[in-house]
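Positions are given from 1 along the sequence.
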Amino acid sequence: MKSANASIIAGVILIALGGLLLLDRLGVIDTAAFVAPLIFAAVGVLFLSLFIRRRESWWAAIPGSVFLGLAAVVIATELTGGAWGAAFLFLFMGAGFGAVFVREPGNWWALIPSGVMFTLAVIVGLPQELQGTPTAAVLFLGLAATFGVLSLVPVRVDEAGNRRERMKWPLIPAGILAVMGLIFVLQAMAVLIPVDFAFPAVMIVAGIALMVYAYLAHRDGRQRAHGPGPRAG
């Protein structure tokens, strides 16, 4: 049944592509600008159909989003003359990695490339007047938000999956990246912090974050070690 469905999808795609090429040869329409995005979109749909039909095929969302993003880039470039084109690729890729996590929450790592892709989409879409320091601010704050969201996701801590806890380590890169992002925000707002002072400040904040993380990890370890023992009958 699954092979039959795949054959039907492939057949429809081939018929559509063949029809467009025939119309192009007859001089009815110029399909040169549509062939590439249609091919990309067709391949992307095939991967997404595999992602939808088989739960274990969560990986198919990644190449599917890439091909659909490429199709969107070509179409957007044709319609807008290049503006916002590349942003669509990053948007689709971010959605693809996000779908990997939604399908299988154990793949929490997918949130990192998802956040990176969405951040890059925003950066690419920034107007020319905001290039430079504002771009760096968006980059670091976007990455900080990515790790901040990751720290809110409960993950399995045992093989049975009955016990879930939130990860604390993402708070360290989130804090460091947030500080660096705020520094660039202040620089972009003309409340300048000299670079000679900025990086030492980041190092100090990073050291404090590491100490806080070590304290929290040590406290949690002691609580588990001295937890309530077995109850007496």
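Ile112 and Trp59 fall within the same hydrophobic cluster, defined by Ile, Leu, Val, Met, Phe, Trp and Tyr side-chain heavy atoms under 4.5 Å apart, directly or through other members. Clustering ILVMFWY residues whenever any of their side-chain heavy atoms sit less than 4.5 angstrom apart, transitively, puts Met167 in a cluster other than the one holding Val149. Taking hydrophobic clusters as Ile, Leu, Val, Met, Phe, Trp and Tyr residues chained together by side-chain heavy-atom distances below 4.5 Å, Leu171 does not share a cluster with Leu182.
Closest heavy-atom contact between Gly44 and Leu68: CA-CG, 4.1 Å. Looking at every heavy atom in both residues, Ala174 comes nearest to Gly148 through CB-N, 3.8 Å. In this structure, Ala71 and Ala41 approach most closely via the heavy-atom pair CB-N, 3.9 Å. The heavy-atom pair separating Ala178 from Ala144 by the smallest distance is N-CB, 3.5 Å. In terms of heavy atoms, Leu48 sits closest to Ala61 at CD2-CA, 4.4 Å. Taking every heavy atom of both residues into account, Pro113 and Phe97 meet most closely at CG-CD2, 3.5 Å.
Between Ile176 and Phe147 there is no side-chain heavy-atom pair separated by less than 4.5 Å. At least one side-chain heavy atom of Trp58 sits less than 4.5 Å from a side-chain heavy atom of Val100. Counting heavy atoms from C-beta outward, Leu111 and Thr146 have side chains that stay 4.5 Å or more apart. Between Phe90 and Val124, the closest side-chain pair of non-hydrogen atoms falls below 4.5 Å. With contacts defined as side-chain heavy-atom distances shorter than 4.5 Å, the pair Phe92/Val66 does not qualify. Between Leu143 and Leu139, the closest side-chain pair of non-hydrogen atoms falls below 4.5 Å. When side chains are defined from C-beta on, Arg166 does not count as touching Val153, because their heavy atoms never get closer than 4.5 Å.
Interatomic distance, CZ of Phe40 versus CG of Leu89, reported as 10.5 Å (0.5 Å rounding). The CD1 atom of Ile172 sits 11.0 Å away from atom OG of Ser151, with the distance rounded to the nearest 0.5 Å. From Ile39, atom CD1 reaches atom CG of Leu70 across 12.0 Å, with rounding to the nearest 0.5 Å. Here Glu104 contributes atom CD and Ser57 contributes atom OG; the two are 12.5 Å apart, rounded to the nearest 0.5 Å.
None of Trp109, Trp169, Phe101 except one satisfies the side-chain contact (heavy atoms from CB on, under 4.5 Å) rule with Leu150; the exception is Trp169.
At least one donor-acceptor pair closer than 3.5 Å links the side chain of Ser114 to the backbone N or O of Gly94. When atom types are taken as modelled, the side chain of Arg103 and the backbone of Phe51 share a donor-acceptor pair closer than 3.5 angstrom.
Classified by interplanar angle (parallel below 30°, tilted 30° to 60°, perpendicular above 60°), the ring pair Phe47/Phe67 is parallel. Note on ring orientation: taking the six-membered ring where Trp is involved, the planes of Phe140 and Phe184 are parallel (angle under 30°, cut-offs 30° and 60°).
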task = Show the numbers, then the answer: is there a side chain to side chain contact (heavy atoms under 4.5 Å, CB included) between Leu141 and Leu177?
result = CA-CA 6 Å; Leu141 291 178; Leu177 292 167; over 6 Å; no
